[in-house]
Structure formats: C-alpha cells, structure tokens
Chemist: 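Structure below; questions to follow.
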Number of protein chains: 2
Amino acid sequence: MSAAATTRRDIPDASVARLPGYLRALTALARNDIASVSSEELATAAGVSSTMLRKDLSHLGSYGVRGVGYDVERLASEITTALGLTQDWPVAIVGMGNLGRALAAYRGFAERGFRVIALLDGDPRVVGDRVAGDVVRPMRDLPDLVVDHGLAIGVIATPSAGAQEACDDLVEAGVRSVLNFAPAVLSVPDGVVVRTVDLSTELQILAFHGQRVAAPEVVA
Amino acid sequence: MSAAATTRRDIPDASVARLPGYLRALTALARNDIASVSSEELATAAGVSSTMLRKDLSHLGSYGVRGVGYDVERLASEITTALGLTQDWPVAIVGMGNLGRALAAYRGFAERGFRVIALLDGDPRVVGDRVAGDVVRPMRDLPDLVVDHGLAIGVIATPSAGAQEACDDLVEAGVRSVLNFAPAVLSVPDGVVVRTVDLSTELQILAFHGQRVAAPEVVA
DNA sequence: CACTGTGAATACCTTCACAGCA
DNA sequence: TGCTGTGAAGGTATTCACAGTG
C-alpha cells in the first residue's frame, strides 16, 4: 500500500479536468479576500453548472457547509492536494523553435508552481543558445535532470517529425508525464501519460462549428 | 434551407474532435503515395481503436469498401468537407506577448489552411511593431477585417486580465469562433463558439495522473 | 431556510458482436 | 474471405430532483 493511495480516491477523468478551473477561480476569490463562496457563485466563475461543481467536489469529500457554502482557503487547499500540487513538478521543455521559446518565456508555468528547470534541443546548433536567460542543453543531459533535479514532466515543442524521438528520450530518462504540442501521435509504454495539445486541431474543430452558422448568406 | 445544411449531418462532438487526427494521418499516407488504407491501419496511425474509427466515419457516410478499406484521397476529401475546410477561415491573433508572437511565427496554421490575416494588440505601444513580417494593428481595425477580409476566427493570446475585453471586441466585430489561450472563462452570446486551451490546466492534469505512480518510493 | 450532497434518471460515448457486401 | 458498417450492450458523464443539515 503506497502513501499516495491515501490522497487518491477514484475521481473521474472528466472531473479531474475541471479541478484546475475551480482552483483558478478560488485563487482569484482569495486574492480579493473573499472567504466563503456558494456552489452557484463558484460554478459561474468556473464556467460550469452548480450541480456539476457539487458533484465534482463530492468526489474529493464533503468540504462544504450546508446552508452556507465553501470556505475558499480550505477548498483551494483540498483541490491542491487532490491534484498532487503539494509536491513540485519540475518541467523541461524540449525543442527551442518559436513555440518552445515562447513557452520558455511564459510566466504562467511558474505562477502555478511548475518550475521550468531546463530547456533542451536535439540540434547541436541550438544547444548553447541563451533562451529566456537559460542556456539550451543537449538531450543527453536528460537522465541527470531526472536523477538530480527530479524532472517529472516533459513538454515537447519540437516539429512533428522529431516528436516521437524526443518523447522516447524523455521516457528513457524516466519522465512519466508528457505534454505534447507537436501534431503527432506519440506511442509510449504503460505508465507514461501523454496529453497532446494541437493548435490546428482546435482550429479545425472551430471551423466545423463555424460552418454551421457561417454560410447562410446564400439564402437567396 | 441553407447551403451548409447539405454537408452537416449530425456528428457527435467527440467524433468531430477526432476527425482532424484522421485527416492528418490520411495526409501523411497520401504524401507517401499510399492510395488505400484499412480501418485498422488508419486507426493505429491516428491513435484510436479501429471500431471507433469506423463508427466515427459512419457519421459522415459510407465511404469505405468492404473487404478492402478506404481510398485515401477520397476519405481525406470527405473529412475536409465535413469539417468545413473547403472554404477558408481567416484568422486574427490578438495579443502580441510571447505566446502571440510565437503563434504569429508558427507555420502550422498556414500548412493546414488557416491564413493569419492580422495581428492585433490593445496596447498602443505595441501597435505598429513588426512581428513575423507583419505590422501589429489596433483593435479598432477589427470590424474592417471582418467585412473586407472575412475574418472568421479570433485567437486570444492576451494576459488573462485582458481576455474578456479582447473577446468582446472580436464578437462585436462579428467573429463567431474564438480560440482562447488565456487562463480565463470567457462569456459570449449564443452562436459564438469558444475553445479554451490552457497550458497550466494541462500540466495540472498531468500532475494528478503523475502522483498516482510517482510517490511509491515511500513504501517502507 | 438556504445551500450542500447524492441516488436516480437521462444523455452521451465507446466497445462488442456480428450482419452485409465486394 | 476480409473488411466495413451498425444495432445492441455496456460505461461514463451530466442533469434532475430532493433528502439532509448547519
């Protein structure tokens, strides 16, 4: 029985995907010194229905007070724990093209507790460059980053041709979570989790929904 | 009866979200001069099960040949039509920070037929800058872009504080599809579609899945 | 009394199992 | 025979309706 099992009840995936949104809304409330919030208010702030919010929170436990609402600090802390954000999750970004450089310079990571500990590239001509104040390192540094700095999450920002190789390098070094921005399907062994975010895919989905309503100027 | 209704049968959202992946795989096959493909092969290339692929394709119509498979060109063309990618979808990027600049320089948009026709920013100090060869324009240019160039999709790459305002400007100018990279919930009138992609959210989801398996060094 | 927490109902998505066809 | 297309079954996610409680 591992220590982690205490925290980890069975939370549905769809629910997990919404928890970060709740946490963001709670953080904003806390910044405005709001101590208590109803499911209705929090749901609105997070862009979901209050029923769904309550159902989601019920998977974490019973942290609300009937007739009153939720304590903002308390709930934020419970969600933080559920998501596993009490430990830190050092991140490395692989691929220093446009997107990689932008991600390297992006503040949002650090703000939410994800420390970018290394920037890497497979191209020796790029290795050694300075990006956002850091020196770009070669892929062979990966194993040391895992062992010495606890590197846990790899962000792939390479062109799609190099994505699988970058992923293999990360996995071989011991990284078990990958956020992939390349438009490619990555294959990984069991136990490694990949999430792919593809900009073109998103635009294509928007195009589909857009056509529904965009065309009817031709109604004659 | 609008012209668009011909194309648009009722395709489930989950299915629509996978079509771009199939299209990408088909495009790769076509580049390698492969003319025909089975559901099994295509499914593998797209990272889904063959049953799911066939079910998804069945929503578009019957374009396979039993005992043989699918004609690559034909199927690509059917998906292209279903997604509404036969018309073009001019894109504007709002917010010329790090992410906006990276998106402006990103090739992937054009490759898949999304023409970036304008870069904008609400900050007068940024307006006039050159980014990726284009001059950054002020927000007040939006209505003209919609009318004169058919601007259809707005990409929001502003800080989260400015996202709702950017979105309102886009919507007011007549844009009905928004891809939002700011970590914020955007409210829009009916008929406008927003998709939000948030990097921190993705990392937090990875953290959740990672903790499941990361901790057990403490097994005693 | 207001608001949370939850079983039951519904809607949606995926997988199974196999009928149908080149 | 081999592979597609699909009704039916099984799961998962969301919504409803209301019981429970500070």
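Since this is a predicted model, take the numbers as computed values, not measurements. Reminder, nothing fancy here: chain letters follow the sequence lines and each chain counts from 1.
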Chemist: Got B/L60 and B/L19 here, is their nearest side-chain heavy-atom distance under 4.5 Å?
Modeler: yes

Chemist: Using a 4.0 Å cut-off to any heavy atom of chain B, which nucleotides of DNA chain D are the first and last in contact, reading 5' to 3'?
Modeler: D/dG2 to D/dA8

Chemist: Scan residues 59-84 of chain A for pairs that pass salt bridge (Lys or Arg N to Asp or Glu O under 4.0 Å), counting only residues two or more places apart or in two chains.
Modeler: A/R74-A/E78

Chemist: Partners of B/A92 by side-chain contact (heavy atoms from CB on, under 4.5 Å), sequence neighbours excluded?
Modeler: B/A118, B/L120, B/L151

Chemist: Quick one: does any side-chain atom of B/R101 pair with a main-chain N or O of B/M96 as donor and acceptor, under 3.5 Å?
Modeler: yes

Chemist: Expressed as a whole number of angstroms, how long is the span from B/M52:CE to C/dC16:P?
Modeler: 12 Å

Chemist: 5'-most contact on DNA chain D: A/S15 or B/Y70, nearest heavy atom basis?
Modeler: B/Y70

Chemist: Restricting both atoms to N or O, compile the protein contacts to nucleotides 20-22 of chain C shorter than 3.5 Å, with distance only.
Modeler:
| residue | atom | partner | partner atom | Å |
| --- | --- | --- | --- | --- |
| C/dG20 | N3 | B/R66 | NH1 | 3.1 |

Chemist: Check whether A/Q211 reaches the backbone of B/A82 with its side chain - one donor and one acceptor, N or O, closer than 3.5 Å.
Modeler: yes

Chemist: Roughly, in whole Å, what's the span from CZ in A/R54 to C1' in C/dC3?
Modeler: 7 Å

Chemist: Going by heavy atoms closer than 4.0 Å, what residues in residues 38-51 of chain B are next to DNA chain C?
Modeler: B/S49, B/T51

Chemist: In residues 17-30 of chain B, which residues come under 4.0 Å of DNA chain C by heavy atom?
Modeler: B/R18

Chemist: Return yes if some donor-acceptor pair links the side-chain N/O of B/E41 with the main-chain N/O of B/S38 below 3.5 Å, else return no.
Modeler: yes

Chemist: Rounded to the Å, how far apart are B/D13 CG and C/dC13 P?
Modeler: 6 Å

